[in-house]
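Just below is one structure, and these are the notes that go with it.
For this chain, numbers begin at 1 and follow the sequence in order. Scope of the values below: all heavy atoms of this structure, side chains included, with no hydrogens, waters or symmetry mates. Note that this is a predicted model, so its numbers are computed, not measured.
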Amino acid sequence: MISILQKSLLKKVYAHWVINDIGVKIEELETILDDDTLKRELQKASEENLVKIKNDRFYIMEKGREKFKVVLTGGAYDLIHRGHLETLEAASELGDFLIVVVATDITVGKRKRKAIHSEKDRKRILNELKIVDAAIIGDEIDHMKVVRRLKPDIVALGADQDHVKDKIKMQMKEQGLSKTIIKRLSVDYEGLATTKVIDEILARDWK
């Protein structure tokens with residue numbers, strides 16, 4: 001059993017790797033701890049094989065990653081509205097760490113319409129939300145690449161996402177992730193789809 005403090009540090013180390021694909025340096029960790037306490041806690045985590053140190057950067061190890069449950073969800077997240085927030089809240093309640101995969105501009109264009117905000121802007125906005133632990137941009141060619149890399153405990157599907165649950169389960173099994181749980185969220189706020197918001201704006205008389 002780990003302490004709340006240690007769990008929080010492990011999540012911060014993991015978040016930095018998820019977002020930046022590299023370990024975190026002590027000075028990059030944003031905590032309320034003083035430097036001595038932070039170093040002591042990280043050294044303790046290293047001795048317990050929860051993290052490893054390489055070139056002055058800390059990386060989470062498998063044992064450390066097992067200390068919290070990771071939930072992965074995804075979508076376009078263009079023009080953030082209440083429906084997005086309610087869905088993210090529902091996804092976050094399924095575990096300890098929420099990762100959001102942002103659809104690329106090309107993917108959004110193929111499935112819906114040209115995105116209002118760029119993929120980089122959408123990623124940055126999501127990373128500013130307290131409820132999101134890490135937001136990253138998906139892979140345009142191999143949509144399962146992110147899943148193989150992150151190995152989430154749970155994949156949360158939005159109520160309005162047209163993914164076939166059984167199909168995703170099969171894909172997970174093919175990737176060696178048969179233990180990953182696929183969960184469809186029940187949150188669904190009619191009329192709050194981004195496309196409907198855009199249509200409403202365009203239909204208004206702004207004179």
Side-chain angles (χ1 to χ4, degrees), residues 1-75 77 88 91-105 107 117-156 172 175-177 179-181:
M1 191 71 177
I2 64 173
S3 66
I4 295 176
L5 173 58
Q6 195 172 49
K7 186 176 183 178
S8 175
L9 284 177
L10 290 177
K11 288 169 62 177
K12 287 181 179 296
V13 172
Y14 181 66
H16 191 279
W17 173 77
V18 171
I19 297 171
N20 303 289
D21 201 23
I22 192 171
V24 63
K25 291 186 176 181
I26 287 183
E27 57 267 26
E28 294 172 328
L29 283 170
E30 296 182 4
T31 73
I32 60 174
L33 303 176
D34 59 75
D35 290 345
D36 289 339
T37 301
L38 181 57
K39 290 178 182 179
R40 184 169 61 251
E41 288 296 326
L42 287 172
Q43 183 59 43
K44 179 181 178 182
S46 176
E47 293 170 354
E48 295 176 358
N49 294 318
L50 301 177
V51 300
K52 67 178 179 180
I53 307 172
K54 183 178 180 181
N55 298 327
D56 295 325
R57 290 185 178 274
F58 291 85
Y59 295 81
I60 196 161
M61 297 183 71
E62 184 176 353
K63 184 179 178 181
R65 166 62 182 76
E66 292 173 350
K67 298 299 182 181
F68 52 92
K69 185 181 296 184
V70 173
V71 180
L72 183 146
T73 193
Y77 300 99
L88 291 173
S92 71
E93 291 173 358
L94 298 176
D96 307 302
F97 190 100
L98 179 61
I99 300 175
V100 179
V101 181
V102 179
T104 66
D105 293 339
T107 296
H117 297 296
S118 71
E119 57 194 45
K120 290 183 179 179
D121 286 345
R122 288 181 280 125
K123 170 189 169 183
R124 179 174 180 182
I125 290 170
L126 284 163
N127 273 316
E128 292 298 323
L129 298 180
K130 291 182 179 180
I131 198 169
V132 176
D133 293 291
I136 57 175
I137 298 172
D139 189 275
E140 179 57 42
I141 299 175
D142 183 0
H143 297 305
M144 295 300 291
K145 183 177 181 180
V146 170
V147 179
R148 288 196 303 273
R149 175 183 173 234
L150 302 177
K151 299 179 177 62
D153 299 289
I154 298 173
V155 171
M172 289 293 180
Q175 303 297 325
L177 299 171
K179 292 183 179 181
T180 299
I181 298 172

For this session: Drop me the distance from I141's CD1 to T107's OG1, to the nearest 0.5 angstrom.
Result: 10.5 Å
For this session: Look only at the side chain of T73 and the backbone of A156, and say whether a donor-acceptor pair between them is shorter than 3.5 Å.
Result: yes
Exercise. Mind checking what makes ring-ring contact (aromatic ring centres under 6.0 Å, His included) contact with F97, not counting sequence neighbours?
Worked result: Y14, F68
Exercise. What pairs with D105 under side chain to side chain contact (heavy atoms under 4.5 Å, CB included), at least two apart in sequence or on another chain?
Worked result: A115, S118, E119, R122
Problem set entry | S8 side, atom OG; L29 side, atom CG - distance, nearest 0.5 Å | 9.5 Å
Exercise. Are the side chains of K67 and Q6 in touch, meaning some heavy atoms are under 4.5 Å apart?
Worked result: no
Problem set entry | Distance in Å, I60 CD1 paired with K12 NZ, rounded so as to fall on 0.5 Å steps | 13.0 Å
For this session: Just jot down the side chain to side chain contact (heavy atoms under 4.5 Å, CB included) partners of N55, sequence neighbours excluded, or say none.
Result: none
Exercise. Quick one: are V147 and P152 in side-chain contact, heavy atoms under 4.5 Å?
Worked result: yes
Seminar exercise, completed: The side chain to side chain contact (heavy atoms under 4.5 Å, CB included) partners of Q175 (sequence neighbours excluded) come to M144, R148, L177
Problem set entry | Worked verdict on V70 versus L150 for side chain to side chain contact (heavy atoms under 4.5 Å, CB included) | CA-CA 9 Å; V70 173; L150 302 177; 5.8 Å; no
Exercise. Is any side-chain heavy atom of Y77 less than 4.5 Å from a side-chain heavy atom of L88?
Worked result: yes
For this session: Check for a donor-acceptor pair, side chain of D133 on one end and backbone N or O of I99 on the other, with a separation under 3.5 Å.
Result: no
Which side-chain N or O atoms in residues 18-26 pair as donor and acceptor under 3.5 Å with protein atoms at least two apart or in another chain?
| from | atom 1 | to | atom 2 | distance (Å) |
| --- | --- | --- | --- | --- |
| N20 | ND2 | H16 | O | 3.1 |
| N20 | ND2 | H16 | NE2 | 3.4 |
| D21 | OD1 | R149 | NH2 | 3.2 |

For this session: Using side chain to side chain contact (heavy atoms under 4.5 Å, CB included) as the criterion, list what pairs up with T37, not counting sequence neighbours.
Result: L33, D34, R40, E41
Exercise. In terms of heavy-atom contacts, does CD of E27 have more than 12 from other residues, nucleotides or ligands at under 6.0 Å?
Worked result: yes
Exercise. Within the side chain of K7, is there an N or O that forms a donor-acceptor pair under 3.5 Å with the backbone of I2?
Worked result: no
Exercise. Nearest heavy-atom pair of G138 and V146: which atoms, and what distance?
Worked result: CA-CG2, 4.2 Å
Problem set entry | From K69 atom NZ to I181 atom CD1, the distance as rounded to the nearest 0.5 Å | 6.0 Å
Exercise. Hey, are R57 and E28 close enough for a salt bridge, meaning a charged N less than 4.0 Å from a carboxylate O?
Worked result: yes
Exercise. Should V101 and D139 count as side-chain neighbours, where that means a heavy-atom distance under 4.5 Å?
Worked result: no
Problem set entry | Distance, nearest 0.5 Å, that separates CG of L5 from CG of L9 | 5.0 Å
For this session: Measure the spacing between NZ of K151 and CG of L72 and express it to the nearest 0.5 Å.
Result: 13.0 Å
For this session: Report yes if some heavy atom in the side chain of R65 is under 4.5 Å from a heavy atom in the side chain of D153; otherwise report no.
Result: yes
